Amino acid sequence: MALSHSVPFETSVPEGFEIGTVLKIRGVVPSEANRFYINLLSCDKPDSDIVLHFNPRLDQSIVVMNTMECGTWGSEERVFPNVFQRGQPFELLLIAMNEHFKIVVGDSESYEFIYRLPPKRSCLLKVGGDVSLELLKIF
Ligand code: GAL
């Protein structure tokens with residue numbers, strides 16, 4: 001997929017996130033940023049579930065990860081303290097492993113988010129909020 005996307009950005013993932021699918025995102029956190037999100041949504045219901053909500057919160061210096069099922073948020077996993085910084089570039093890999101999404105930020109930070117919903121159900125990717133997107137690739 002192409003370079004430099006305007007936000008909010010949305011793309012379909014027709015095959016869903018099969019095991020082995022990788023999403024690579026490179027971007028910059030604007031200097032006045034509060035929050036942004038990367039959501040993987042299911043589209044097998046009118047009221048899509050969120051298979052993965054990845055929500056860097058610059059206002060709290062943390063990333064909140066969660067799912068939404070039938071309109072209700074699950075329990076939050078609060079990860080990557082101080083990893084995303086206002087005014088700084090970042091690179092993120094999201095990899096569908098057997099039992100979890102592996103999220104790698106930069107060279108040394110990673111986290112395993114155990115699946116609550118099957119990754120295969122993720123057929124829509126949305127990125128929005130306070131972020132500038134330089135590269136987004138699914139392979
Ligand atoms: C809520 C917030 C949502 C979402 C959710 C994740 O407080 O309004 O945007 O981030 O937390 O648990």
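Since the structure is predicted, the reported quantities are computational estimates derived from the model, not experimental observations.
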Going only through I, L, V, M, F, W and Y residues with side-chain contacts under 4.5 Å, is there a path from L41 to M65?
no
Please check this pair: side chain of T67 against backbone of V51, looking for a donor-acceptor N/O pair closer than 3.5 Å.
no
When hydrophobic residues are tied together by side-chain contacts of less than 4.5 Å, even through go-betweens, does L58 share a cluster with V28?
no
Counting the benzene-type ring for Trp, do F101 and Y115 have ring centres under 6.0 Å apart?
yes
Pair E91 + R26: basic N to acidic O under 4.0 Å
yes
Name the residue from L52, T21, I38 that meets the side-chain contact (heavy atoms from CB on, under 4.5 Å) definition with L94.
L52
Are P8 and V127 side-chain neighbours, meaning at least one heavy-atom pair lies under 4.5 Å?
no
Treat each ILVMFWY residue as a node, draw an edge where side-chain heavy atoms are under 4.5 Å apart, and state whether F9 and F17 are in one component.
yes
Applying a strict under-4.5 Å side-chain criterion to I, L, V, M, F, W and Y, I'd like to know whether L40 and V79 cluster together.
yes
Using links of under 4.5 Å between side-chain heavy atoms of ILVMFWY residues, direct or through other members, which residues join V22 in one cluster?
L93, I95, M97, V104, F139
To the nearest 0.5 angstrom, please state how far the CG atom of N82 sits from the OG atom of S61.
5.0 Å
When you look at L125 and I138, which way does the side-chain contact (heavy atoms from CB on, under 4.5 Å) test go after all the steps?
CA-CA 10 Å; L125 167 69; I138 300 174; 4.1 Å; yes
Would you sort out whether Y111 and V105 count as a side-chain contact (heavy atoms from CB on, under 4.5 Å), showing the intermediate values?
CA-CA 9 Å; Y111 185 75; V105 185; over 6 Å; no
Evaluation steps, side-chain contact (heavy atoms from CB on, under 4.5 Å), between W73 and M68
CA-CA 4 Å; W73 288 109; M68 182 185 264; 3.4 Å; yes
With a 3.5 Å distance limit and no angle check, can you tell me whether S42 reaches the backbone of S48 through a side-chain donor-acceptor pair?
no
Counting only N and O atoms by type, is there a donor-acceptor contact under 3.5 Å from the side chain of N66 to the main-chain atoms of G74?
yes
Taking the side chain as C-beta and beyond, is there a heavy-atom pair between R78 and V63 under 4.5 Å?
no
Assess, by modelled atom type and distance only, whether the side chains of N34 and R86 contain a donor and an acceptor separated by less than 3.5 Å.
yes
Could you check I62 against F80 for side-chain contact (heavy atoms from CB on, under 4.5 Å), going step by step and ending with a plain yes or no?
CA-CA 6 Å; I62 202 89; F80 296 127; over 6 Å; no
Identify whether V64 and I103 are in the same connected component of the hydrophobic contact network (ILVMFWY, side-chain heavy atoms under 4.5 Å).
no
Backbone N/O of G106 and side chain of E109: donor-acceptor pair under 3.5 Å:
no
With sequence neighbours left out, write down each residue that passes salt bridge (charged side-chain N to carboxylate O under 4.0 Å, His left out) with E77, or none if nothing qualifies.
R116
Salt-bridge test for R35 and D130: reply yes if a basic N is under 4.0 Å from a carboxylate O, no otherwise.
no
If you measure from CD on E134 to CD1 on I25, what distance do you get to the nearest 0.5 Å?
12.0 Å
Hey, what do you get for NZ (K126) to CD (E10), rounding to the nearest 0.5 Å?
4.5 Å
Under a 3.5 Å distance rule, please check whether K120 uses its side chain to pair with a backbone N or O of E15 as donor and acceptor.
yes
To the nearest 0.5 Å, tell me how far E18 CD sits from S122 OG.
10.5 Å
Answer whether the closest heavy-atom distance between the side chains of K137 and L23 falls below 4.5 Å.
no
Taking the side chain as every heavy atom from C-beta outward, state whether Q88 and V29 have any pair of such atoms under 4.5 Å apart.
no
Would you kindly say whether N39 and H53 are connected by a side-chain donor-acceptor distance under 3.5 Å?
yes
Ring center gap for F36 and F54 short of 6.0 angstrom
no
Is there a side-chain contact between Y37 and I50 in this structure, where contact means two heavy atoms from C-beta onward sitting under 4.5 Å apart?
no
